[in-house]
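Remarks on the structure that follows.
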Amino acid sequence: RLPLLLTHEGVLLPGSTMRTSVDSPRNMQLVRSRLLKGTSLRSTIIGVIPNTSDPTSDCDELPSLHRIGTAALAVQVVGSNWPKPHYTLLVTGLCRFQILQLLKEKPYPVAEVEQLDRLEQFTNQLKSEEELGELSEQFYKYAVQLVEMLDMSVPAVAKLRRLLDNLPREALPDILTSIIRTSNQEKLQILDAVRLEERFKMTIPLLVRQIEGLKLLQKTRKPKQDDDKRIVAIRPNRRINHIPSTVEDDEEEEDHDDVVMLEKKIRTSSMSEQALKVCLKEIKRLKKMPQSMPEYALTRNYLELMVELPWNKSTKDRLEIRAARILLDNDHYAMEKLKKRVLEYLAVRQLKNNLKGPILCFVGPPGVGKTSVGRSVAKTLGREFHRIALGGVCDQSDIRGHRRTYVGSMPGRIINGLKTVGVNNPVFLLDEVDKLGKSLQGDPAAALLEVLDPEQNHSFTDHYLNVAFDLSQVLFIATANTTATIPPALLDRMEIIQVPGYTQEEKIEIAQRHLIPKQLEQHGLTPQQIQIPQVTTLNIITRYTREAGVRSLDRKLGAICRAVAVKVAEGQHKETKPDRAEVGEGEDCKEHVTEDAKPESISDTADLALPPEMPILIDFNALKDILGPPMYEMEVSERLSQPGVAIGLAWTPLGGEIMFVEASRMDGEGQLTLTGQLGDVMKESAHLAISWLRSNAKRYQLTNASGSFDLLDNTDIHLHFPAGAVTKDGPSAGVTIVTCLASLFSGRLVCSDVAMTGEITLRGLVLPVGGIKDKVLAAHRAGLKRIIIPRRNEKDLEEIAVNIRQDLTFVMASCLDEVLNAAFDGGFAVKPRVEHLNSKL
Ligand code: ADP
């Protein structure tokens, strides 16, 4: 009597060991109540019936059982609860049996069995060895041949060789069948072959097949021989036959094919000689490497990348300057200077094919179209475009890749970009070069030097590739908000093209020509559904945005389109209903629902997309509805309603800005307090301003509260620069501080429409400053009328559009007297100097 373990995968043959997973209820019961509870040796013996249909499908009915099974010794039971409760059994086959009668089915089947292979049978059969002799001799020969094809140095194989001699011949067919690669079906046939003779006969073809297979393998894969031997060799030792061996076989074949393919690709690819050499060396290594080694995957990835890189693939430039000019003009309004320089660049490129020209770097506030010009350049050239965002990159291996020794190493962004675009002459836009970081991992700016230097970049070496790649065909364009933070060495390799902010008029044109059509398209609207007139655009520009570029204008337009899209969708919905409700938008919506198409005509054609109140006209009321109350007021005059306030002009990477400088005085001990996050230079300007005023107090009749010309006598001064959280620095606030303090001490108001900029010296001279165009545009945006700038900055005014210049009055100042005269209504009286300076030379 034997309890039966029903397996559905794997066939246990006498003399071999198998690991099997137990999870069906019957088998679990058997393990729990017999194997785990039993203490005697007997209780560990079970009958293993192979080839039962999947036990989970039929729980109650005992499936039909295979007639013949293997009595087995349960050697090990391992339980686990994950992912579901199951046991793993290690069983060793003892001998065949045949089921005579099933005794009970529950909780686990028990049957009366008859042992088939008996020891005495063996001995009996010894006599008949003559008959069997030939067969078994033949079998033995094959077995020996097979084992000898394996690597004898592996201990398991050596042991197997010894086993062949020591074991009784009769046991060999079973054992060898379970060692070599056979399907479950074949094993089942062997199990069913009760007669020895039959068993020998059936096993021999299997052996022959295995030998042939091995021979073939050795022929095709000489270098990988070791590997195979080891795999085959380990198998007999552990005798785990879970994975159907055919699958594994296929995989190996596939991998092998892949490597051969890869080699072919490498040989046919057009990589440089040096790269080819490296690749061939690597592929040689790859072939010898067992696949399980981590390095195998690394090397393979590397080789695949090398094959994929566009060593010699490029797109053909279709460069026609006239077409390029039209395309650039179509894509972008204004930015004449930038477009001119880009066209020059392209023209030179057309004349001379490989241009070792400088790298263009567009510098300007955000949203002025730097990135989109880069994209247009790629379009005009018919080249691929790839943007590499450098903001925050602080590791040089981001640019240059990691060495391949690191786990997870990969090529840098340049090489990666080339792989992505698949050609070796794309336009690479290095976005935000001014925001490169620096860290312990090296300086990415230094790595960029090599990339951007036309003299060097034909042999750019990525750490990962470790061979040179020619970047000279790549057109690099960089963008930045400011040149101040670009490392000098990098700056030196680039040609800076300033892209200043836009004027209101330019912004209106950009909005009407580019932004509005783009937004309409993005929101699925048509000009028949929404109209944004110029005044509205101007309103958005002046009251809802204050920026140099057009990005937030673009966003506001997007918000309007969204709001209108809701209306249009609602309208469509309403229309399909027979009873059209009143337009539910509140009173103030009346105004922007101006045109009312005839409802009758529309209800006739109910599937028409237009709701009746089309087109929706966006006027100022609608603007307020959608965007909320205006964020900026044009009027700045009320801020200047008391003495001690003046308007300065500041330059930031985001464009120009106007800045109110405030001063107040109080009783004290002559201290100066500065607030508003000022840098050192600005603090010095404040001290300079006070010193100059103190020394000129008499001249201007400036007195402190108690009427003394010593301005700081018993007086404290506090200077504040609003937007206190923003760090400010630079010398250009000098004149503003002087004006502000002069107003404070004289008690007179500074003109409310005057803004100023300029550095001062201790002697009262006004020195030139930078960023005049941005500053002027900012003043114009803020609605100021008169601008005081240093005389030596006069030349910068030429860059400013005529219409803006016409709106403003410029005062050129070379000394502070002129500044003060212009800043106060009716001038700032100077008491004529009595003494004349006499030359002492
Ligand atoms: P940046 O790179 O300078 O920060 P982007 O190139 O991203 O700015 O530009 C922002 C948006 O403004 C883009 O959608 C672009 O099309 C639009 N834009 C900017 N300037 C112009 C212009 N002169 N003509 C047309 N569109 C413009």
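Just so you know, ligand 1 is whichever comes first in the structure, and atom 1 is the first atom listed for that ligand. Being a predicted model, the structure only gives us computed values, none of them experimental.
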request  = Look at atom 11 (C) of ligand 1 and say whether a protein heavy atom is found at less than 4.0 angstrom from it.
outcome  = no
For Asp331, the atoms of ligand 1 under 4.0 Å from one of its heavy atoms are 24 (N), 25 (C)
* Asked: Regarding Asp434 and Thr482, is there a side-chain donor-to-acceptor distance under 3.5 Å anywhere?
  -> no
Filtering Ala334, Ala511, Ser372 for the heavy atom nearest atom 15 (C) of ligand 1 leaves Ser372
If we number the atoms of ligand 1 from 1 as shown, the ones under 4.0 Å from a heavy atom of Pro366 are 4 (O)
Residue, atom and distance of the protein heavy atom nearest atom 20 (N) of ligand 1 read Tyr502 OH, 2.9 Å
Determine, for Glu657 against Lys775, whether the closest basic-nitrogen to carboxylate-oxygen distance falls under 4.0 angstrom.
no
query: Taking it one step at a time, do Ile486 and Met494 satisfy side-chain contact (heavy atoms from CB on, under 4.5 Å)?
result: CA-CA 10 Å; Ile486 303 180; Met494 302 192 287; 4.0 Å; yes
Short version for Lys370: what comes under 4.0 Å of ligand 1, heavy atoms counted, is both
Ligand 1 atoms nearer than 4.0 angstrom to some heavy atom of Val550 are 12 (O), 17 (C), 18 (N), 19 (C)
Looking only at protein heavy atoms, what sits closest to atom 2 (O) of ligand 1 is Thr371 OG1, 2.4 Å
Result for side chain to side chain contact (heavy atoms under 4.5 Å, CB included) between Leu381 and one of Asn425, Leu475, Leu327 points to Leu475
Note: Lys518, heavy atoms under 4.0 Å from ligand 1, region reported as side chain
- Please verify whether a non-hydrogen atom of Phe362 lies at under 4.0 Å from ligand 1. no
Is the Lys NZ or Arg CZ of Arg383 less than 6.0 Å from the centre of Phe428's six-membered ring, within 45° of the axis?
-> no
**Prompt:** Is the closest basic N to carboxylate O distance between Glu521 and Lys518 below 4.0 Å?
**Reply:** no
- Message: Check for me whether Gly549 has a heavy atom closer than 4.0 Å to any atom of ligand 1.
- Response: no
Practice task
Considering only NZ, NE, NH1 and NH2 on the basic side and carboxylate oxygens on the acidic side, decide whether Asp796 and Lys773 come within less than 4.0 Å.
Solution key: no
message = Could you walk me through whether Lys785 and Asp807 satisfy the salt bridge (charged side-chain N to carboxylate O under 4.0 Å, His left out) test, starting with their C-alpha distance in whole Å, then the side-chain angles of each, then the deciding distance to 0.1 Å, before giving a yes or no?
response = CA-CA 7 Å; Lys785 291 281 174 280; Asp807 279 357; over 6 Å; no
I'd like to check whether Met335 has a polar contact with ligand 1, where a contact means an N/O of the residue lying under 3.5 Å from an N/O of the ligand. no
How about Ser372 and His332: does a side-chain donor come under 3.5 Å of a side-chain acceptor?
-> yes
One finds that the ligand 1 atoms under 4.0 Å from a non-hydrogen atom of Tyr333 are 22 (C), 23 (N), 24 (N)
closest protein heavy atom to atom 27 (C) of ligand 1 is Ile510 CG2, 4.0 Å
Taking distance alone, with N or O pairs closer than 3.5 Å, would you say Asp554 contacts ligand 1?
no
Under 4.0 Å between heavy atoms, the region of His514 that gets near ligand 1 turns out to be side chain
If you scan protein heavy atoms around atom 5 (P) of ligand 1, the nearest is Arg551 NH2, 3.5 Å
_Check this for me, if you would: do Asp431 and Lys370 make a salt bridge, where the nitrogen-to-carboxylate-oxygen distance has to be below 4.0 angstrom?_
no
key: Charged N-O contact under 4.0 Å between Asp462 and Arg400   = no
